[in-house]
Amino acid sequence: MLAAGGEMPELDCLFCRIVAGGVPAKTVYEDDQALAFEDINPQAPTHLLIIPKRHLPGLAEAAPADAPMVGYLQLLAARLARERRLEQGYRTVLNVGPHAGQSVFHLHLHLLGGRPMAWPPG
Ligand code: AMP
Ligand code: ZN
């Protein structure tokens, strides 16, 4: 199956496999560009992962042409937060590289909400 944008998905990428339907996920939103699903190990009452359908390892690999996609993921997070009535606040997070604990190398935006969150993050 071709990912949105016509590029081949990475066969060994977990999130490309979720996009292709080969690995199950609790999908909460989907369109031609993006997918949002429940994190398998939630760190807050709401913990969604919002990903581009097209494979990109992470923010560090994003090119200027990816700016609309990165912005789109953020605005999608705001929309999902509104729908979940997270009026008290929420956090969107991109973990980038080993010091940030990035463990899946397909760009994903975390949407966390439903509880107070400490600052600075650990
Ligand atoms: P990161 O540490 O920023 O790379 O985040 C990766 C996230 O993916 C973690 O929060 C994991 O709990 C989550 N995750 C790993 N495997 C799955 C899966 N099969 N379905 C949903 N979330 C997953
Ligand atoms: Zn991928």
Side-chain angles (χ1 to χ4, degrees):
M1 176 190 272
L2 287 179
E7 293 175 27
M8 287 298 288
E10 303 277 319
L11 294 175
D12 59 354
C13 171
L14 175 63
F15 288 176
C16 280
R17 291 170 68 194
I18 286 177
V19 169
V23 170
K26 289 187 185 164
T27 298
V28 300
Y29 177 86
E30 180 170 15
D31 63 25
D32 59 335
Q33 281 192 70
L35 186 71
F37 51 93
E38 305 276 357
D39 194 292
I40 205 167
N41 182 23
Q43 302 300 312
T46 287
H47 188 173
L48 301 180
L49 299 176
I50 305 170
I51 70 170
K53 286 189 166 177
R54 180 170 61 84
H55 181 81
L56 183 66
L59 187 66
E61 291 77 18
D66 296 315
M69 179 273 288
V70 174
Y72 184 67
L73 299 182
Q74 292 282 359
L75 292 176
L76 189 49
R79 175 176 157 187
L80 293 169
R82 267 194 304 277
E83 287 175 6
R84 285 169 178 249
R85 311 196 71 79
L86 298 177
E87 291 98 348
Q88 297 299 313
Y90 55 88
R91 192 168 284 168
T92 66
V93 176
L94 287 171
N95 288 324
V96 184
H99 276 188
Q102 184 177 0
S103 62
V104 177
F105 294 89
H106 179 128
L107 191 145
H108 51 282
L109 183 65
H110 296 257
L111 170 61
L112 296 144
R115 65 164 171 82
M117 271 169 275
W119 191 264

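In listed order, ligands and their atoms are each counted from 1.
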Residue and atom names of protein N/O/S atoms that fall under 2.8 Å from the Zn ion (ligand 2): C13 SG, C16 SG, H55 ND1, H106 ND1
Test: R54 and E61 ion pair at under 4.0 Å: no
H110 and H47 aromatic ring geometry - parallel, tilted or perpendicular at 30°/60° bounds: tilted
Where does ligand 1 get N/O contacts under 3.5 Å from the protein, atom by atom?
{"unit_1": "ligand 1", "atom_1": "2 (O)", "unit_2": "G101", "atom_2": "O", "d": "2.9"}
{"unit_1": "ligand 1", "atom_1": "2 (O)", "unit_2": "S103", "atom_2": "OG", "d": "3.3"}
{"unit_1": "ligand 1", "atom_1": "3 (O)", "unit_2": "N95", "atom_2": "ND2", "d": "2.9"}
{"unit_1": "ligand 1", "atom_1": "3 (O)", "unit_2": "H108", "atom_2": "NE2", "d": "2.8"}
{"unit_1": "ligand 1", "atom_1": "3 (O)", "unit_2": "H110", "atom_2": "NE2", "d": "2.8"}
{"unit_1": "ligand 1", "atom_1": "4 (O)", "unit_2": "S103", "atom_2": "N", "d": "2.7"}
{"unit_1": "ligand 1", "atom_1": "4 (O)", "unit_2": "S103", "atom_2": "OG", "d": "3.3"}
{"unit_1": "ligand 1", "atom_1": "4 (O)", "unit_2": "V104", "atom_2": "N", "d": "3.1"}
{"unit_1": "ligand 1", "atom_1": "4 (O)", "unit_2": "H108", "atom_2": "NE2", "d": "2.9"}
{"unit_1": "ligand 1", "atom_1": "5 (O)", "unit_2": "H108", "atom_2": "NE2", "d": "3.0"}
{"unit_1": "ligand 1", "atom_1": "5 (O)", "unit_2": "H110", "atom_2": "NE2", "d": "3.3"}
{"unit_1": "ligand 1", "atom_1": "10 (O)", "unit_2": "D39", "atom_2": "OD1", "d": "3.2"}
{"unit_1": "ligand 1", "atom_1": "10 (O)", "unit_2": "D39", "atom_2": "OD2", "d": "2.5"}
{"unit_1": "ligand 1", "atom_1": "12 (O)", "unit_2": "D39", "atom_2": "OD1", "d": "2.5"}
{"unit_1": "ligand 1", "atom_1": "22 (N)", "unit_2": "I40", "atom_2": "N", "d": "3.1"}

Within 6.0 Å of CZ in R91, more than 12 heavy atoms from elsewhere: yes
Single-linkage hydrophobic cluster I18~F105, side-chain heavy atoms < 4.5 angstrom: no
Smallest separation among heavy atoms of L76 and A34, with atom names: CD2-CB, 3.8 Å
Shared hydrophobic cluster for Y72 and V19 (ILVMFWY, side-chain gaps under 4.5 Å): no
same_hphob_cluster(L48, V93) at 4.5 Å side-chain heavy-atom cutoff: no
Residue Q88 excluded, over 12 heavy atoms near CD under 6.0 Å: no
Contact check, side chains of V28 and E38, non-hydrogen atoms, under 4.5 Å: yes
